Amino acid sequence: QVQLVESGGGLVQAGGSLRLSCAASGRTFTEYIIAWFRQAPGKEREFVAATNWGGGNTAYADSVKGRFTISREIAKNTVALQMNSLKSEDTAVYYCAARVGVRLEAFVSRYYYWGQGTQVTVSS
């Protein structure tokens, strides 16, 4: 059974930084895509970033390019999301998701393993 556990959320001022972690367990993740999504109150869940565990390729939503970085920490079996230059519009619950595959999918429906989410609040 795949388990994904997010951590690292919190309250930060605009312009600040946070680092989220997604701890993955239950499988060998070499063939997996790991992604971050977020959901703000009253809005649909949206894609943030993705990486393939085996190769390190990355993809980002336009809204976070140049500010967020997704990376694998193989020894720790985690995927991190470094978030810099945070804005109030980045406030959301951030979810880690996983699927088997090679394409860095940006659609919620393509992922079938999800974490419980971690709250990120950016104050202006």
Side-chain angles (χ1 to χ4, degrees):
Q1 181 72 14
V2 172
Q3 284 194 317
L4 304 172
V5 180
E6 303 96 333
S7 62
L11 174 64
V12 64
Q13 287 189 332
S17 299
L18 276 176
R19 186 177 181 86
L20 305 183
S21 288
C22 172
S25 61
R27 287 283 191 280
T28 299
F29 289 93
T30 306
E31 304 300 323
Y32 276 67
I33 305 297
I34 308 293
W36 286 94
F37 287 79
R38 66 186 182 186
Q39 188 166 18
K43 295 188 177 181
E44 293 187 352
R45 195 167 296 189
E46 66 175 6
F47 173 76
V48 175
T51 186
N52 60 322
W53 191 276
N57 296 324
T58 58
Y60 296 92
D62 287 343
S63 59
V64 306
K65 277 181 183 176
R67 299 189 298 124
F68 291 11
T69 303
I70 188 170
S71 61
R72 305 162 300 152
E73 300 175 331
I74 302 297
K76 297 180 181 179
N77 233 38
T78 63
V79 173
L81 184 69
Q82 178 66 41
M83 305 186 297
N84 298 328
S85 302
L86 283 161
K87 306 175 182 179
S88 57
E89 51 262 45
D90 295 317
T91 294
V93 177
Y94 283 70
Y95 296 91
C96 179
R99 66 181 297 268
V100 175
V102 295
R103 292 188 61 178
L104 302 182
E105 300 280 359
F107 298 103
V108 170
S109 60
R110 302 285 188 172
Y111 291 82
Y112 31 86
Y113 297 111
W114 291 86
Q116 83 288 350
T118 186
Q119 176 70 47
V120 171
T121 303
V122 184
S123 62
S124 57

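Keep in mind that this is a model prediction, so the values were computed, not measured.
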Any link between Phe107 and Tyr32 through a network of hydrophobic side chains (Ile, Leu, Val, Met, Phe, Trp, Tyr) touching at under 4.5 Å? no
Look only at the side chain of Asn52 and the backbone of Val102, and say whether a donor-acceptor pair between them is shorter than 3.5 Å. no
Establish whether Ile34 and Trp114 are linked, either directly or via other cluster members, by ILVMFWY side-chain heavy-atom contacts under 4.5 Å. no
Check: Gly117 main-chain N/O paired with Glu6 side-chain donor or acceptor under 3.5 Å: yes
Mind checking whether Trp36 and Phe68 have ring centres under 6.0 Å apart? no
Below 4.0 angstrom, N of the basic side chain to O of the carboxylate: do Asp62 and Lys65 qualify? yes
Between atom OG1 of Thr58 and atom CG of Leu104, what is the distance when rounded to the nearest 0.5 Å? 7.5 Å
Find out if a path of hydrophobic residues (ILVMFWY) with successive side-chain heavy-atom gaps under 4.5 Å connects Ile74 to Leu81. yes
Any link between Leu18 and Tyr95 through a network of hydrophobic side chains (Ile, Leu, Val, Met, Phe, Trp, Tyr) touching at under 4.5 Å? no
Look only at the side chain of Tyr111 and the backbone of Glu105, and say whether a donor-acceptor pair between them is shorter than 3.5 Å. yes
For side chain to side chain contact (heavy atoms under 4.5 Å, CB included), just list the numbers for Asp90 and Arg67, CA-CA rounded to whole Å, side-chain angles, deciding distance to a tenth of an Å, and then say yes or no. CA-CA 11 Å; Asp90 295 317; Arg67 299 189 298 124; 2.7 Å; yes
Within 6.0 angstrom of Arg19 CZ, more than 12 heavy atoms from elsewhere: yes
Do the numbers put Arg99 on top of the ring of Tyr113, so that NZ or CZ is under 6.0 Å from the six-membered ring centre and no more than 45° off the axis? no
Kindly say whether Val122 contributes a backbone atom to a donor-acceptor pair with the side chain of Thr91 at under 3.5 angstrom? yes
Heavy atoms of other groups near Gln119 CD, more than 12 under 6.0 Å: yes
To the nearest 0.5 angstrom, please state how far the CD atom of Gln3 sits from the CZ atom of Arg27. 11.0 Å
Within-4.5 Å side-chain heavy-atom neighbours: Ser63 and Lys87: no
Donor-acceptor pair, Asn57 side chain versus Thr51 backbone, under 3.5 Å? no
Check whether the side chains of Glu73 and Thr78 place a donor and an acceptor atom closer than 3.5 Å, and report yes or no. yes
State the CG-OG distance between Asn77 and Ser21, to the nearest 0.5 angstrom. 12.0 Å
Residue Glu89 excluded, over 12 heavy atoms near CD under 6.0 Å: yes
Are Met83 and Phe47 connected in a single hydrophobic cluster, I mean Ile/Leu/Val/Met/Phe/Trp/Tyr linked by side-chain heavy atoms less than 4.5 Å apart? no
Straight-line distance of Gln82 CD to Leu20 CG, nearest 0.5 Å: 9.0 Å
Could you tell me whether the side chain of Arg38 reaches within less than 4.5 Å of the side chain of Val120, counting heavy atoms only? no
Expected output: side-chain Tyr60 to main-chain Ala50 donor-acceptor under 3.5 Å: no
Short side-chain to backbone donor-acceptor contact, Arg45 and Gln39, under 3.5 Å: no
Restricting to non-hydrogen atoms, name the atom on Leu4 and the atom on Ala24 that form the minimum distance, rounded to 0.1 Å. CD2-CB, 3.8 Å
Give me the atom names and distance for the closest heavy-atom approach of Ser124 to Ser88. CB-CB, 4.3 Å
Any donor and acceptor pair, going by atom type alone, linking the side chain of Thr118 with main-chain N or O of Ser7 inside 3.5 Å? no
Look at the rings of Phe29 and Trp53 and say which category their plane angle falls in: under 30° parallel, 30 to 60° tilted, over 60° perpendicular. tilted
Identify the two heavy atoms, one from Val5 and one from Gln116, that lie closest to each other, and give their separation to 0.1 Å. CA-OE1, 3.9 Å
